[in-house]
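Okay, so here's the structure we're looking at.
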Amino acid sequence: MSELRFTEDHEWLRTEADGSVTVGITAFAQNALGDVVFVQLPELQAYEKGAEAATVESVKAASGVYMPLDGDVLEVNPALQDAPELVNEDPLGEGWFFRFQPSDAAAVGKLLDQDAYDRLIKAQAEA
Amino acid sequence: MTTEHLSKTPLHALHLELGARMVPFAGYDMPVQYPLGVMKEHQHTREQAGLFDVSHMGQIRLTGANATKALETLVPVDIIDLPVGMQRYAMFTNESGGILDDLMVANLGNDELFLVVNAACKDQDLAHLQKHIGDQCTITALFEERALLALQGPAAVTVLTRLAPDVAKMTFMQFNRVSLLGVDCFVSRSGYTGEDGFEISVPAAEAEKLARALLAEPEVQAIGLGARDSLRLEAGLCLYGHDMNTETTPIEASLLWAISKPRRADGARAGGFPGAEQIFAQQQNGVARKRVGLLPRERTPVREGAEIVNEAGETIGSVCSGGFGPTLGGPLAMGYLDTAYVALDTPVWAIVRGKKVQMLVSKMPFVPQRYYRG
């Protein structure tokens with residue numbers, strides 16, 4: 001399993017052996033959202049970076065999940081349909097959202113690494 | 001985000017100590033949830049007992065021989081025959097029949113009435129009372145003086161009985177002076193969750209002591225505003241500013257039940273409150289739109305403000321409150337609909353993120369109320 005990369009919108013990305021990238025939201029994000037009750041997952045199609053690919057509904061509010069890079073969505077996590085609480089229980093594992101093929105594979109490596117992301121959430125927590 | 005301009009309830013420090021996530025609400029820094037989380041807080045309240053800080057709400061005392069008669073000129077509710085030791089739901093109406101606020105009115109006896117109004121409306125309610133009936137009774141705002149706690153859930157009576165055995169004899173909407181931990185409190189057997197429970201008005205200085213004592217009981221958890229909202233929504237109860245406002249009348253808000261029989265058009269003391277003619281005309285001739293319950297047929301929560309359309313795609317209303325019901329196990333909503341569509345089980349569609357989500361007009365409450373009626 002390769003190391004994780006992160007976006008400033010609190011998504012994590014993991015490059016798989018076949019070059020595709022799995023996306024989910026971070027532990028920090030699920031904690032801020034509260035209990036997740038529904039996830040609207042993306043269609044299997046191309047999305048541009050920054051497009052709202054998915055929506056997470058918590059008991060409190062709806063929040064967008066944005067496409068971290070240009071790419072084609074290949075697969076969505078079918079388990080979230082009946083068990084959206086997986087996003088809270090295992091955000092980095094069984095609570096994954098979707099897998100996509102990035103248009104530029106090298107772009108993933110330019111996102112935040114674990115240290116940079118930890119600094120970001122520390123700064124946000126103190127803000 | 002600065003929170004310096006926000007008011008604090010007497011339990012503010014306790015909320016922080018309990019690890020609450022605080023949010024601005026009606027000018028107060030309030031706990032939206034504790035570490036337990038909204039879902040579990042909701043379920044805990046339905047299964048055992050939850051303690052809510054509702055001290056942001058406004059408590060007002062009216063005193064004087066004419067207080068009941070005076071208050072009747074502002075609400076479509078029977079106050080004159082409200083028995084001593086009973087509480088009643090009411091609303092302030094304006095000259096067009098719109099709702100200025102909803103409130104609880106209790107008769108303390110000895111020409112004394114006790115009102116609980118919404119936090120966001122309390123200053124204007126006080127001004128409204130002073131303007132219209134200030135010369136007929138003494139109006140005392142207890143905003144800083146008293147805190148308000150709600151203990152809700154099936155175990156609430158067991159818990160409160162440990163502090164005051166007599167509260168077990170109270171039935172739904174009864175109101176009493178009760179000594180708790182040696183402190184004089186006003187206790188009503190009511191609340192806003194659909195469960196059995198109590199609301200406790202306590203002097204501000206003693207509120208934390210009482211809250212800590214209640215939280216020390218094994219059945220009790222602190223519950224935030226998040227679960228308060230999902231609980232009241234499941235119970236089909238209106239939230240002022242969302243499900244009713246100055247633009248909606250009690251008839252449109254489906255609150256005809258709250259207009260007391262003696263104050264209706266054919267009653268012994270018909271009318272005599274602001275907007276009576278408009279409200280009676282609506283009762284007789286019908287209204288163009290009404291508040292109804294709505295059950296989405298997908299798992300997508302449908303939120304406040306969502307447009308509602310018919311099969312042809314024409315706008316027929318909008319959602320006023322919506323979310324997820326942890327006890328119901330699915331999404332639920334209330335909305336205002338063109339009256340052609342308000343029959344039970346009528347299919348309508350909400351527009352959520354550009355997509356149509358089918359909903360059925362549903363009866364309320366969504367989850368059965370479990371008030372203790374003796």
Side-chain angles (χ1 to χ4, degrees), chain A residues 9-10 25-45 47-48 50-67 73 76-91 95 97-98 121-127, chain B residues 1-3 19-23 25 30-45 223-234 296-306 319 321-333 350-357:
Chain A
D9 295 321
H10 306 286
I25 66 169
T26 65
F28 176 87
Q30 67 79 21
N31 183 52
L33 288 171
D35 301 303
V36 172
V37 296
F38 176 76
V39 180
Q40 185 176 309
L41 291 161
E43 305 290 331
L44 302 184
Q45 62 170 57
Y47 286 88
E48 285 183 6
E52 187 170 333
T55 306
V56 195
E57 295 266 8
S58 76
V59 279
K60 287 177 283 184
S63 310
V65 173
Y66 303 99
M67 193 69 177
V73 174
V76 297
N77 182 357
L80 296 186
Q81 199 68 41
D82 292 322
E85 62 275 13
L86 289 172
V87 176
N88 296 114
E89 291 165 4
D90 191 9
F97 278 46
F98 60 90
I121 58 177
K122 189 160 179 278
Q124 288 197 357
E126 285 165 4
Chain B
M1 181 178 56
T2 176
T3 51
R21 184 174 299 168
M22 307 297 284
V23 297
F25 183 83
M30 295 297 288
V32 66
Q33 66 170 79
Y34 297 87
L36 198 57
V38 176
M39 194 86 86
K40 291 199 179 83
E41 290 173 28
H42 177 113
Q43 284 155 348
H44 186 90
T45 306
I223 311 294
L225 291 180
R228 183 170 164 83
D229 194 51
S230 54
L231 288 159
R232 70 93 195 164
L233 189 50
E234 284 186 342
R297 302 197 73 189
E298 299 174 26
R299 281 192 64 129
T300 318
V302 175
R303 309 269 178 190
E304 179 176 358
V319 171
S321 274
F324 184 85
T327 304
L328 188 69
L332 73 175
I351 306 297
V352 179
R353 296 183 284 276
K355 289 180 189 158
K356 286 170 88 172
V357 174

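Chain identifiers are assigned alphabetically (A, B, ...) following the order of the sequence lines, protein sequences preceding nucleic acid strands; residue numbering begins at 1 within each chain.
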Within a radius of less than 6.0 Å around [atom1] of [X], do more than 12 heavy atoms belonging to other residues, nucleotides or ligands occur?
{"X": "Arg353(B)", "atom1": "CZ", "value": "yes"}
{"X": "Lys356(B)", "atom1": "NZ", "value": "yes"}
{"X": "Gln124(A)", "atom1": "CD", "value": "yes"}

Contacting region of Ser230(B) [heavy-atom separation from chain A under 4.5 Å]: neither
Toward chain A, the part of Arg303(B) with a non-hydrogen atom under 4.5 Å: side chain
Is [X] in contact with chain B via its backbone, its side chain, both, or neither, using a 4.5 Å heavy-atom distance?
{"X": "Ala61(A)", "value": "backbone"}
{"X": "Asn31(A)", "value": "both"}
{"X": "Thr55(A)", "value": "side chain"}
{"X": "Gln40(A)", "value": "side chain"}
{"X": "Gln81(A)", "value": "backbone"}

Work out which heavy atom in [X] is nearest to a heavy atom in [Y]; give both atom names and the distance.
{"X": "Pro301(B)", "Y": "Val37(A)", "answer": "CG-CG2, 3.9 Å"}
{"X": "Val38(B)", "Y": "Asp35(A)", "answer": "N-OD2, 3.3 Å"}
{"X": "Thr300(B)", "Y": "Glu57(A)", "answer": "CG2-OE2, 4.4 Å"}

Results of ring-ring contact (aromatic ring centres under 6.0 Å, His included) for Phe28(A) - residues two or more places apart only: His10(A)
For Lys60(A), all residues meeting side-chain hydrogen bond (donor to acceptor under 3.5 Å, both in side chains), sequence neighbours excluded: Gln33(B)
